[in-house]
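Here's the structure, in structure tokens; my notes come after.
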Protein chains: 2
Amino acid sequence: MRKQPTQEDVARLAGVSRATVSYIVNGLTDGRVAITEETQQRVLDAIEKLGYEPHAMARSLRLGTTHTIGLLLPDMRNPHYWQIACGAEQQAQDAGYDLLLVNTSLDPDKEIHAVNALSRRRIDGLVLLLTFPERHTQEIERLADKRVPVVALGGRIPGVDCVDNGYRDGAVHVMEYLIQLGHRRIGLIHGVASEMLGQERRLIYRRVVQTAGLPVGADYIEPCGTTPEAGYLAAQRLLSRSPRPTALMVINDLLAIAAVRAAAEMGLRVPEDLSIASFDDIELASYVTPPLTTVRVNAEEMGRAAVRLVFARLQDPALPPQQIYIPSELIVRASTGPAPVQT
Amino acid sequence: MRKQPTQEDVARLAGVSRATVSYIVNGLTDGRVAITEETQQRVLDAIEKLGYEPHAMARSLRLGTTHTIGLLLPDMRNPHYWQIACGAEQQAQDAGYDLLLVNTSLDPDKEIHAVNALSRRRIDGLVLLLTFPERHTQEIERLADKRVPVVALGGRIPGVDCVDNGYRDGAVHVMEYLIQLGHRRIGLIHGVASEMLGQERRLIYRRVVQTAGLPVGADYIEPCGTTPEAGYLAAQRLLSRSPRPTALMVINDLLAIAAVRAAAEMGLRVPEDLSIASFDDIELASYVTPPLTTVRVNAEEMGRAAVRLVFARLQDPALPPQQIYIPSELIVRASTGPAPVQT
DNA sequence: TTGAAAGCGGTACCAG
DNA sequence: CTGGTACCGCTTTCAA
């Protein structure tokens with residue numbers, strides 16, 4: 001890579017000092033420093049001619065700020081996370097910040113590696129959607145100790161700024177809705193990378209099942225991985241139970257789509273024979289067949305809110321721990337219906 | 001943000017010089033420089049105690065290399081691009097490089113902004129999946145001029161390293177396959193951000209239609225945006241034509257899923273009344289109802305190949321322009337079938 | 001109105 | 001074996 005032109009080169013070509021170039025590049029010509037119109041033009045020409053571009057790292061080193069915030073996502077294969085990323089990026093861009101996106105692929109080692117890499121880069125703030133929060137309290141404390149604003153997404157870590165969502169309420173609504181439709185045997189497909197993630201939905205599932213006096217037992221809970229493939233297999237297992245569940249609550253739309261397929265291949269019609277409800281309301285949820293009943297949360301807003309929290313803390317590090325709540329909403333579509341008449 | 005500990009702090013605490021700390025941190029203790037086991041331990045302890053982390057930017061500034069390569073993606077809402085990103089990230093990680101992901105949201109201004117931002121960061125290499133190549137020859141030339149390895153994904157820019165895919169062949173296969181099934185009126189849903197993108201598929205569509213003597217006319221070509229919503233509406237328009245097409249080639253799976261929905265809502269069964277074939281083979285393609293007939297290309301491999309090209313050029317800038325071809329494969333599933341008997 | 005110079009945090013050469 | 005020190009490119013006082 002050929003050496004890029006530096007401020008020095010520009011200064012020499014324009015016949016001025018480096019300081020002058022810096023002033024002009026940073027637009028200080030109006031405010032503090034006054035520079036001849038003519039000098040300014042000469043410098044601008046030189047910049048143009050050389051194709052000079054300021055060296056962001058050198059600048060950061062001097063200024064002590066990178067204008068970058070990091071976003072740690074657990075799984076790029078789930079559209080739900082992209083929506084979060086989109087929102088975060090948008091909010092960051094609006095403030096002139098860059099977003100450094102890191103995908104940890106649900107791998108705890110990569111997660112640690114990523115947090116360290118980001119820390120070494122001295123990013124100005126960090127938004128975390130951790131897969132294995134329990135393994136990372138150390139990291140987080142170290143970051144917090146360095147006064148790097150950290151925001152946790154979709155989870156609650158004590159003493160840390162959080163963006164929480166209404167999936168707990170959503171789970172309650174789903175369950176109540178299914179019960180109201182007459183379903184008694186409701187299964188849960190719990191496809192997550194770590195027991196912690198999405199556990200609130202499992203807990204609520206359990207509680208509602210007990211409260212309503214439905215058939216209990218881990219029998220109707222099917223843990224699995226995070227891919228459609230895993231969801232497909234889990235649905236197969238769950239639907240082979242006897243008596244078979246008449247409704248399924250699935251941890252997210254991605255797996256729900258796979259569950260629909262599993263049902264179809266077993267000769268079950270959705271929603272006539274089997275109701276399926278899930279979470280996220282990804283863009284495709286309303287376009288697949290049948291359109292999914294799902295719990296929507298404004299994922300982009302989650303991303304935006306997280307970044308806003310980072311900025312807020314950047315501005316006032318002494319702020320008490322903030323908490324933003326993004327409510328959820330049950331969207332009823334065609335994948336759910338009345339429980340089939342008992343055979 | 002409290003000042004982080006520096007090399008200097010470590011050196012002071014360990015009672016050694018900064019140079020020594022640097023040696024140890026960089027693991028030069030075995031090779032060039034020799035350092036007492038004891039000194040080493042003292043320094044390591046100091047590092048631990050202070051929570052010292054090397055300042056990546058300062059390091060980059062000195063070394064002139066960032067160990068980062070940039071990846072410019074046009075649209076994070078299309079799973080296809082995520083697969084590419086996953087592959088690229090994996091390959092980069094394996095080589096100890098970080099991937100700086102930038103999403104341009106199909107917006108040409110953002111694209112320019114992003115290329116500049118990356119350039120200012122002095123990233124070591126760049127993988128571009130440009131939406132508006134025609135508007136960026138300048139940028140690319142500027143980058144190339146700076147000897148920053150640039151790899152173009154899914155397009156051919158003369159004199160630049162490229163990773164091309166088999167979507168041209170794939171389009172031919174799709175068309176031949178549909179014709180062989182007896183389809184004569186084949187529509188095209190061409191949902192792209194720029195006329196340039198995916199144009200190879202449109203051209204081939206035209207050519208095959210003419211060669212086979214099928215009903216011609218732009219009537220069966222429906223350009224639209226990149227969202228499922230846009231694909232849905234385009235399908236509605238296309239299926240309202242009279243005579244109605246009996247088969248649809250859709251630019252990607254995301255829109256194909258929406259097209260299936262549009263058909264369903266018009267009372268058309270897929271594949272009995274309407275065949276639909278598309279491109280990408282995203283993960284969900286085999287799980288939606290009906291499973292999609294689609295042209296698969298190994299997207300992760302595209303990402304990996306692109307990053308490999310960057311490394312190759314980093315190693316030998318004088319290399320002649322490289323070209324990697326990722327072949328495609330027609331995956332026949334249930335969304336296509338024999339043409340319906342004419343009414 | 002412009003320029004000289006002191007760092008920001010590391011690295012690596014050269015001397016001891 | 002270890003330390004002193006000259007940069008990397010840029011910002012920003014302070015003087016001229």
Side-chain angles (χ1 to χ4, degrees), chain A residues 1-43 46-47 50-67 119-124 146, chain B residues 1-43 46-47 50-67 119-124 146:
Chain A
M1 166 164 20
R2 186 195 318 175
K3 214 173 134 312
Q4 306 239 46
T6 76
Q7 213 178 49
E8 174 92 41
D9 300 323
V10 175
R12 198 171 20 243
L13 180 60
V16 298
S17 81
R18 285 164 52 206
T20 308
V21 177
S22 177
Y23 293 144
I24 292 175
V25 168
N26 294 33
L28 300 193
T29 77
D30 283 340
R32 267 324 292 116
V33 197
I35 293 190
T36 326
E37 182 66 30
E38 187 231 328
T39 312
Q40 186 150 323
Q41 204 38 253
R42 236 180 26 240
V43 171
I47 289 177
L50 294 177
Y52 165 75
E53 279 186 313
H55 193 303
M57 307 253 163
R59 198 160 188 281
S60 297
L61 185 56
R62 184 68 236 258
L63 263 359
T65 175
T66 54
H67 264 68
S119 177
R120 274 199 299 277
R121 276 170 184 261
R122 303 294 196 271
I123 47 165
D124 295 341
K146 286 173 187 156
Chain B
M1 167 163 22
R2 187 195 318 175
K3 214 173 136 306
Q4 307 239 50
T6 76
Q7 211 178 52
E8 174 93 42
D9 300 323
V10 175
R12 199 172 17 244
L13 179 60
V16 298
S17 80
R18 286 166 52 205
T20 307
V21 177
S22 176
Y23 294 143
I24 292 176
V25 167
N26 294 32
L28 300 194
T29 76
D30 282 341
R32 263 333 282 119
V33 198
I35 293 190
T36 325
E37 182 66 30
E38 188 232 328
T39 311
Q40 186 150 323
Q41 204 38 252
R42 234 177 31 238
V43 170
I47 289 178
L50 294 176
Y52 165 75
E53 280 186 311
H55 192 305
M57 307 252 164
R59 196 157 188 281
S60 295
L61 185 56
R62 183 68 236 254
L63 264 356
T65 175
T66 54
H67 263 66
S119 177
R120 274 198 301 274
R121 278 170 182 259
R122 303 295 196 271
I123 48 165
D124 294 341
K146 286 174 188 155

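Computed from a predicted structure; not experimentally measured.
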Tell me every residue that passes salt bridge (charged side-chain N to carboxylate O under 4.0 Å, His left out) with Glu38(B), counting only those two or more places apart in sequence or in another chain.
Arg42(B)

Taking side chain as C-beta onward, heavy atoms only, is Tyr52(A) less than 4.5 Å from Val25(A)?
yes

Could you tell me which residues satisfy side-chain hydrogen bond (donor to acceptor under 3.5 Å, both in side chains) with Arg121(A), sequence neighbours excluded, listed by chain and number?
Thr68(B), Asp98(B)

Which donor-acceptor pairs under 3.5 Å do the side chains of residues 56-63 of chain B make with protein atoms, sequence neighbours left out?
{"residue": "Ser60(B)", "atom": "OG", "partner": "Ala56(B)", "partner atom": "O", "Å": "3.0"}
{"residue": "Ser60(B)", "atom": "OG", "partner": "Thr65(B)", "partner atom": "O", "Å": "3.4"}

Ile24(A) CD1 to dG3(C) P, straight-line distance once rounded to whole Å:
10 Å

Angle between the two end axes of the helix from dT1(C)-dA16(D) to dG16(C)-dC1(D), five base pairs per end, rounded to 10 degrees?
50°

Identify all side-chain donor-acceptor contacts of residues 14-21 of chain A below 3.5 Å with residues at least two apart in sequence or on another chain.
{"residue": "Ser17(A)", "atom": "OG", "partner": "Ala19(A)", "partner atom": "N", "Å": "3.3"}
{"residue": "Ser17(A)", "atom": "OG", "partner": "Thr20(A)", "partner atom": "OG1", "Å": "3.4"}

Roughly how far, to the nearest 0.5 Å, is CG of Asp124(B) from OG1 of Thr66(B)?
3.5 Å

How would you label the contact of Thr39(B) with the nucleic acid (heavy atoms, under 4.0 Å): base, sugar-phosphate, or nothing?
sugar-phosphate

Would you give a per-nucleotide map of nucleotides 10-16 of chain C, 5' to 3', where B means the base has a protein non-hydrogen atom under 4.0 Å away, S means only the sugar-phosphate does, and - means neither?
BBBB---

Nearest atoms (heavy-atom pairs only) where Pro5(B) meets Leu50(B):
CG-O, 3.4 Å

Can you check the Ile47(A) CD1 to dC10(D) P distance for me, whole Å?
10 Å

Between atom CG in Leu61(A) and atom P in dT12(D), what is the gap in whole Å?
13 Å

Euclidean distance, Gln7(A) CD relative to His55(A) NE2, rounded to 0.5 Å:
12.0 Å

